[in-house]
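In what follows, a structure is listed as structure tokens, so that the remarks can point back to it.
Proteins come first, then strands; the chains are lettered A, B, ... in the order of their sequence lines, and each starts at number 1. Side chains are part of it too, since the values below use all heavy atoms of this structure and drop only hydrogens, waters and symmetry mates.
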Number of protein chains: 2
Amino acid sequence: MLVALSALAEPNRLRIVGLLRGGPQPVGRIGERLSLRQPQVSKHLRVLKEAGWVDAEVVAQQRRYALRPEPFLELQQWLEDYRQLWDARFDELAAVVEELKQAEGKGRAPHGKTTK
Amino acid sequence: MLVALSALAEPNRLRIVGLLRGGPQPVGRIGERLSLRQPQVSKHLRVLKEAGWVDAEVVAQQRRYALRPEPFLELQQWLEDYRQLWDARFDELAAVVEELKQAEGKGRAPHGKTTK
DNA sequence: AACGACTATTCCCGTCAAAGAATATTTGCG
DNA sequence: CGCAAATATTCTTTGACGGGAATAGTCGTT
């Protein structure tokens, strides 16, 4: 699977990720903020960790969980593949391309690639 | 939930979305391409449709399913909130913004898109 | 070493969702 | 109107997953 999306399917995990956007947090604090019991938080964090969304830094007895950038990058790259679908700017881009095609003439391309 | 992510958690649905990237497809063709039985394809399409990822155009007895741009946009916007996390270029950008703010005086346009 | 704070793991249970098979529904055509 | 193609829906079973409660593990302090 291209990106570990399924880990975010769970609402509480999405909330955890949202919370971690504000910076690394220890398990207990996450539980407080989201009104979740500690074991559930640990379990969700485990899933998120195995999916690559978070990582833990050990500080004394605490584990400070923080977001990892990689899956976000991956997701962004995946979205890029669909850009022509949803990006409004694609239309402008298409127009420009069309214009270039006309200016250049079709079929033979006499200019070649010597645009530079 | 911000975006209908859970619908994409299912591997086969992710595959269906991937297939539809190549253009609208009728149910039967999707089943062929992905080696899925027709009822499952219909069921998955139903979920995707209710989540807003696809829409169907009726052509004779066929239903041609196509991707809808909205959820992709939504997902992109969600990603934007995490940009400082994963986008390496964020640092440069922040510098530019800072520079503009200084030059212009009062701040403006807090959420502009990058012009690539 | 013992204790306390913090976190992880295990076990049980209820729920939900996906697959399979069978059937119903829609639409065009003769 | 009745048939065939294409798709949707129902029913059932089974496996996965989340929550609760209890327990185990880790680390610093004394």
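A straight line from NE2 of His44(B) to P of dA17(C) spans 13 Å, rounded to a whole angstrom. Following rounding to the nearest Å, Ile30(A) (CD1) and dC6(C) (C1') show an atom-to-atom distance of 13 Å. Spacing between atom CZ of Arg46(B) and atom P of dA19(C) amounts to 15 Å, rounded to whole angstrom units. Atom CD of Gln38(B) and atom P of dA19(C) are 14 Å apart (whole Å). Atom-to-atom, CZ of Arg37(A) to P of dC11(C) comes out at 21 Å; the value is rounded to the nearest Å. Leu36(A) has its CG atom 15 Å from the C1' atom of dT7(C), to the nearest Å.
Arg13(B) comes within 4.0 angstrom of the backbone, heavy atoms only, and of no base. Looking at heavy-atom distances under 4.0 Å, Pro39(B) makes contact with a base.
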(message) Under the criterion side-chain contact (heavy atoms from CB on, under 4.5 Å), I'd like the reasoning laid out for Asn12(B) against Leu34(B): C-alpha separation, chi angles, the key distance, then a yes or no.
(response) CA-CA 8 Å; Asn12(B) 283 324; Leu34(B) 303 184; over 6 Å; no
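Judged by distance alone, with hydrogens and angles left aside, Gln62(A) brings no side-chain donor or acceptor close enough to the base of dA5(C) to form a pair under 3.5 Å.
Leu36(B) and Arg15(B) make their closest contact through CD2-NH1, 4.5 Å (heavy atoms, listed as atom of the first residue, atom of the second, distance). The minimum heavy-atom distance between Ser6(B) and Ala9(A), with the atom names listed, is CA-CB, 3.9 Å. Residue Pro71(B) comes nearest to Gly52(B) through the heavy atom pair CG-O, 3.2 Å, listed as atom of the first residue, atom of the second, then distance.
Comparing Asn12(A) and Ala60(A) against DNA chain D, the residue whose closest nucleotide sits nearer the 5' end is Asn12(A). Comparing Gln40(A) and Val41(B), the nucleotide of DNA chain D nearest to each residue sits closer to the 5' end for Val41(B).
Out of dA8(C), dT9(C), dA5(C), the shortest distance to the side chain of Gln61(A) is found at dA5(C). Of the candidates dA5(C), dA18(C), dT9(C), the closest approach to any side-chain atom of Ser42(A) belongs to dT9(C). Listed nucleotides dT27(C), dA8(C), dA18(C) differ in distance to Arg63(B); the shortest reach to its side chain belongs to dT27(C).
Heavy atoms of other residues, nucleotides or ligands lying less than 6.0 angstrom from CZ of Arg21(B) number more than 12.
Within the structure, the ring pair (Phe, Tyr, Trp, His ring centres under 6.0 Å) test picks out the following pairs touching residues 14-56 of chain A (sequence neighbours left out): Trp53(A)-Phe72(A).
Residues that satisfy the salt bridge (charged side-chain N to carboxylate O under 4.0 Å, His left out) test with Glu32(A), not counting sequence neighbours, are Arg29(A).
Nucleotides of DNA chain D lying under 4.0 Å from heavy atoms of chain B occupy a range whose first and last members, 5' to 3', are dA5(D) to dT10(D).
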